[in-house]
Amino acid sequence: MRTGCLVATRERAAQVGEELGVGEFVAHALEQNPKRVAVIPIPTDVRNLVAVPADGIGDDPGKYRKRIDEAVAAVKGLAVRDAVWCLNEMPAPEPEPGVPADAHWKTRHALGALSAALYRYDEHKSKPSPDRGIARVAVLAEPGTRTAVRRAVRDGSALDAGLSLARDLANAPANVCTPQYLADAVSELARLDNVSVEVLEEAQMAELGMGAFLSVTRGSDIPAKLIAARYQGGSESDAPFVLVGKGVTFDTGGISLKPGAAMDEMKFDMCGAASVAGALRAAALANLPINVVAILAAAENMPSGKASRPGDIVSTMSGQTVEILNTDAEGRLLLCDALTFARRYEPCAVVDVATLTGACVIALGAHASALYANDEDLGRQLAAAGRVTSDRAWPMPLWDDYQEQLKSNFADMANIGGRPAGSITAACFLSRFADGLCWAHLDVAGTAWRSGARKGATGRPVPLLFQYLLDRAEEAGKAASAP
Ligand code: BES
Ligand code: MN
Ligand code: ZN
């Protein structure tokens, strides 16, 4: 059978060249290309060799991933249908001190890179570009690593499905991706084993006293939805991991209207919600033996005669009151009520995910999400999950000193804390609704999508969230089998 390409280290590529009777030709091509990923077309059943330099990576897992991304880019450029992946023999740095980069980790990264490179969103092109992507990849597993590689393929495929859902939802424009659209998409997850979905309408939210949540949607003609998906992979009595996502399907700023430049990107303001749906899908597809709930707080933030005004005071489901000094700080108004709602699940941990502040982009750029936690273990676990998946999150402080910026003369708190430390004061606002919960907050404003020529959703932090859940599932498995 003919194979589109074989992806291997330079050393292995040379050896394969010898075995296929084109050794000299391959050696010459490698000489021409001493440092970079080289694509070598050869007249054999294997049509191309993609030769990857194994050196110069040092101890930075990020550099390893970059090298893998280069290899995948070369494969993509070939427009072949299938590939044999022999890169697991490339040495890789420890993803965590003391944790070896094993076949499972390497395979996961290979699949992650392929999934990121091959993803396309042509839903709204009248002529979709022809499919030139890889349809099949075989991973060469060294003896003794087959189980690990198989497990990595299972986990990697589940993650890929979760990522695709997150990216598809986020890339859809706001005239398509409304709160109702999100509710319908999440309702489809109920077809998976052990998944059930509940959608709350505005009237039900009003009954629960969600005055902050409802103040955001007031200016919009499109009804808000509170969407809750449950995956029951553990036993009935296991406390669930609850993920809460900001789902602002379009953020104009409301009466505190945003400037026009790049406002189209505010269709991505529901990336947090999309990511918690994606993580739940991945957990369900991987059949993790734990319970997970994903809550999507979905609403549109519009200016109109019915919209909230600066200075309006609303009361939250928790009973605390909020003075809305800026209607563009709407994410925290949705999330504070969604966090209070999350208590009904008696969670073992709550993680909210939100494209919450422009200040987060100023602080960390596109490389890391901001990580806040009121529980040290939870913070550590999430940071570790981010490092292992190259979907990094960086710890930020929740010190009381910052809480003072939220003082209001007229209500229990204001919804903004002024310009200094904007991502932190937003997190401090949320922390007031997480009392007694084991809680963390990820501000993904810089990481959830890319601007510019490659504008589009990244699917982050689905890899981090899924890894966090995988790690908890593994712990649960160990505890269950302990004597
Ligand atoms: N969705 C935005 C945050 C955002 C802006 C993310 C730009 C990514 C890029 C959020 O709702 C918002 O508008 N936040 C305000 C808060 C401010 C009014 C305190 C912001 O960051 O300017
Ligand atoms: Mn806003
Ligand atoms: Zn927003």
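All residue numbers in this chain count up from 1 along the given sequence. As the structure lists them, so they are numbered: ligands from 1, and atoms in each ligand from 1.
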**OP:** Check the angle between the aromatic planes of Tyr468 and Phe241 and answer parallel, tilted or perpendicular using the 30° and 60° thresholds.
**Re:** perpendicular
Original post:
At distances under 2.8 Å, what protein N, O or S atoms surround the Zn ion (ligand 3)?
Top reply: Lys246 NZ, Asp251 OD2, Asp269 OD2, Glu330 OE2
Original post:
How far is atom 9 (C) of ligand 1 from its nearest protein heavy atom, and which residue and atom name does that atom have?
Top reply: Met266 CE, 3.6 Å
Original post:
Hey, is Lys246 one of the residues with a heavy atom under 4.0 angstrom from ligand 1?
Top reply: yes
Subject >> side chain to side chain contact (heavy atoms under 4.5 Å, CB included), paired with Pro310, selected from Thr327, Asp328, Ile324 >> reply: Thr327
Original post:
Between Glu265 and ligand 1, which residue portion shows a heavy-atom distance shorter than 4.0 Å: side chain, backbone, both, or neither?
Top reply: neither
**OP:** Check whether any N or O atom of Asp328, backbone or side chain, sits under 3.5 Å from an N or O atom of ligand 1, and answer yes or no.
**Re:** yes
Original post:
What are the atoms of ligand 1, with element, lying closer than 4.0 Å to any heavy atom of Glu330?
Top reply: 11 (O)
Subject >> Tally of protein N, O or S atoms, where distance to the Mn ion (ligand 2) is under 2.8 Å >> reply: 4
Original post:
Out of curiosity, is Phe429 lining ligand 1, as in a heavy atom under 4.0 Å away?
Top reply: no
Original post:
Is at least one protein non-hydrogen atom found at under 4.0 angstrom from atom 11 (O) of ligand 1?
Top reply: yes
**OP:** Examine the proximity of ligand 1 to Leu356 and report which part, side chain or backbone, both or neither, has a heavy atom under 4.0 Å away.
**Re:** backbone
**OP:** Please report the C-alpha distance between Arg108 and Leu159 in whole Å, then the side-chain angles of each, then the deciding distance to 0.1 Å, and finally whether the side-chain contact (heavy atoms from CB on, under 4.5 Å) criterion is met.
**Re:** CA-CA 9 Å; Arg108 285 279 305 279; Leu159 172 59; 3.9 Å; yes
Original post:
Is Phe268 touching ligand 1 with its side chain, its backbone, both, or neither, if touching means heavy atoms under 4.0 Å apart?
Top reply: neither
Original post:
If you measure only the distance, is there a donor-acceptor pair under 3.5 Å linking the side chains of Asp352 and Trp439?
Top reply: yes
**OP:** Evaluate the ring planes of Trp105 and Tyr64, with Trp represented by its six-membered ring, and classify them as parallel (under 30°), tilted (30 to 60°) or perpendicular (over 60°).
**Re:** tilted
Subject >> Ile416 neighbourhood, listing ligand 1 atoms whose heavy-atom distance to it stays under 4.0 Å >> reply: 19 (C)
